[in-house]
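We're numbering straight along the sequence, starting at 1.
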Amino acid sequence: MSEVRVVLQDPSPNLGILLRHVHLDGAVSRAALAERMGLNRSTIMALTAELIAIGLVREETPAGAGRRGRPSLVVRPEPNRVHVLAFDVAVDRVTAARVDLGGTVLDRLEAVRPRAGADLDWVVDVLARFGRRLHRSAPASSACVGIGASYCGMIRPDDGMVRFGPDLGWVDQAFGAELSRRLGLGLPVAVGNEAHLGALAEQQRGVGIGLQNLIYLHGDVGVGGGIIVGGKLLDGDGGYGCEVGHMVINPYDGRACGCGSRGCFEAEVGERALLDTAGRPATQFGRDAVRAVVDDADRGDPAALESVRRIGDWLGIGVANLINLFNPAMVIFGGMLRDVYPAASAQVRARIAINVLPVARERVRLRTSALGDDATLVGAAELGFVPLLASPQHLLAFVTAATPARTGTRDSQLLRATTEGT
């Protein structure tokens, strides 16, 4: 399956660069493309013509164009020509989607994930069935050009192996290879860490568009981090970088962490810390339980207020450390933290005021994720589009020739927006 990743590069990388601009923006004028890419308009016209010829884009006269002069044509993704399959594996749910060029989620399937320990077979079985259904539902004219998946753990990028997922006990689980095999579409599955992909998604399509330096914090049971420095993801030597959830912020009397340490960032600000401090029983867990504490704090419940205040203080300490280290333009709160941060913002900002160097805090902005719970799914889709954007001509030709014929119904009733269970 590695052939898809090493397929010959296009003679001009500008073809993929232009397609990437159109993919991320949805519609870009020729004039804007020429300015962004530093190319003359005749070269842009030639590149666009090549992408039109292989069916990836179309050109249109912009809406509202007057009669004077010649308006610059707008380049848009061609619908129903290519798509990717995107998968998101969170602690409490699994999601599959078919996403077109331009980033629109066309179809989606979702199932509740029980907290049942190392469940590779269950996760792969559900996602493979979802993926095949989504693939069969696509128009016959649309080729699947990539598959991306987000997982809540430490991922080996080369083969999608989950090296360590402490929340549900995944250790050296061959997630990418198994999902590719059971999907049977002849394509590899590229797998990324959920917070890494969330950071890239927010930078490309969310609240961080245009920023070269940002930090994305993704709360689930624990806390994951995605850090972008100089426009590039900080991934570490083996791809396991930015495990901010396991930086120790309370070493002396800290809570036990699933990684085996104590006082880790995620142990002090994660789901269980919030619920325990609010006096909630162990039988309560998950996103609804977290939101209930936040809602109770908003109504003035003393235990909930104290829990949010305490979690906010530890969150602020962690964020202050990260700001001092990386001097980001923005810190983005996603996942569970998207619910917690607004209630705890006063404590977070107080810690920043006390603990962050003045020059580092001057311009930093704190925001919640614009993509919401879809941030990691959007990131997985972008991972699936990487091969196409690197080599549009050759990859499309390769995949179109290699993709097996679809079987089964394309009945519009095949898909539902949400599937409860399997």
Side-chain angles (χ1 to χ4, degrees), residues 4 7-86 97-108 134-148 187 201 204-205 209 378 381-403 406 410 412:
V4 174
V7 68
L8 293 174
Q9 293 294 304
D10 290 309
S12 169
N14 286 328
L15 201 65
I17 294 170
L18 189 152
L19 183 61
R20 181 177 178 79
H21 282 296
V22 176
H23 169 62
L24 291 178
D25 288 357
V28 194
S29 71
R30 279 191 194 171
L33 288 167
E35 182 178 355
R36 292 182 192 181
M37 297 175 65
L39 301 173
N40 60 50
R41 294 197 182 192
S42 61
T43 302
I44 294 295
M45 183 171 64
L47 291 170
T48 303
E50 197 166 351
L51 291 172
I52 291 172
I54 57 177
L56 291 174
V57 303
R58 63 170 61 177
E59 287 185 323
E60 300 173 353
T61 302
R67 295 188 177 183
R68 290 186 177 182
R70 297 180 60 184
S72 180
L73 293 175
V74 172
V75 185
R76 297 180 181 276
E78 182 67 50
N80 298 325
R81 181 67 178 105
V82 297
H83 65 272
V84 301
L85 296 179
R98 182 169 63 91
V99 184
D100 73 348
L101 189 66
T104 301
V105 176
L106 301 170
D107 298 305
R108 176 199 303 257
L134 291 165
H135 184 65
R136 289 196 302 266
S137 75
S141 60
S142 183
C144 182
V145 295
I147 305 171
L187 291 169
Q204 294 169 356
R205 298 186 179 276
I209 289 176
V378 170
E382 294 305 315
L383 196 61
F385 276 114
V386 166
L388 177 70
L389 300 179
S391 184
Q393 282 182 315
H394 292 102
L395 182 69
L396 183 57
F398 180 89
V399 172
T400 302
T403 300
R406 298 189 185 100
R410 291 187 178 83
S412 61

Are [X] and [Y] packed together at the side-chain level, in the sense that at least one heavy-atom pair is separated by less than 4.5 angstrom?
X      : Y     : result
Gln204 : Arg20 : yes
Asp25  : Arg36 : yes
Val22  : Thr48 : no
Gln393 : Ile54 : yes
Arg30  : Arg41 : no

Quick check: closest heavy atoms across [X] and [Y], and the distance to 0.1 Å?
X      : Y      : value
Leu187 : Val145 : CD1-C, 4.3 Å
His21  : Val28  : O-CG2, 3.7 Å
Leu101 : Pro77  : O-CB, 3.4 Å
Asn80  : Pro139 : OD1-CG, 3.5 Å
Ala390 : Pro392 : C-CD, 3.9 Å
Val84  : Ala381 : CG2-O, 3.8 Å

[atom1]/[X] to [atom2]/[Y] distance, rounded to the nearest 0.5 angstrom?
X      : Y      : atom1 : atom2 : result
Leu73  : Ile44  : CG    : CD1   : 12.5 Å
Ile17  : Leu389 : CD1   : CG    : 10.5 Å
His83  : Asp100 : NE2   : CG    : 10.0 Å
His135 : Leu85  : NE2   : CG    : 7.5 Å
Glu78  : Ile52  : CD    : CD1   : 9.0 Å
Glu382 : Arg205 : CD    : CZ    : 4.5 Å

Q: Output, in order, the C-alpha distance, side-chain angles, deciding distance and verdict of side chain to side chain contact (heavy atoms under 4.5 Å, CB included) for Leu18 and Leu39.
A: CA-CA 11 Å; Leu18 189 152; Leu39 301 173; over 6 Å; no
Q) Is the count of non-hydrogen atoms from other residues, nucleotides or ligands lying under 6.0 Å from Glu35 atom CD greater than 12? A) no
Q: Report yes or no: does Arg58 contribute a side-chain atom to a donor-acceptor pair with the main-chain N or O of Pro79 at less than 3.5 Å?
A: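 No, the answer is negative, given that no donor and acceptor are paired below the 3.5 Å cut-off.
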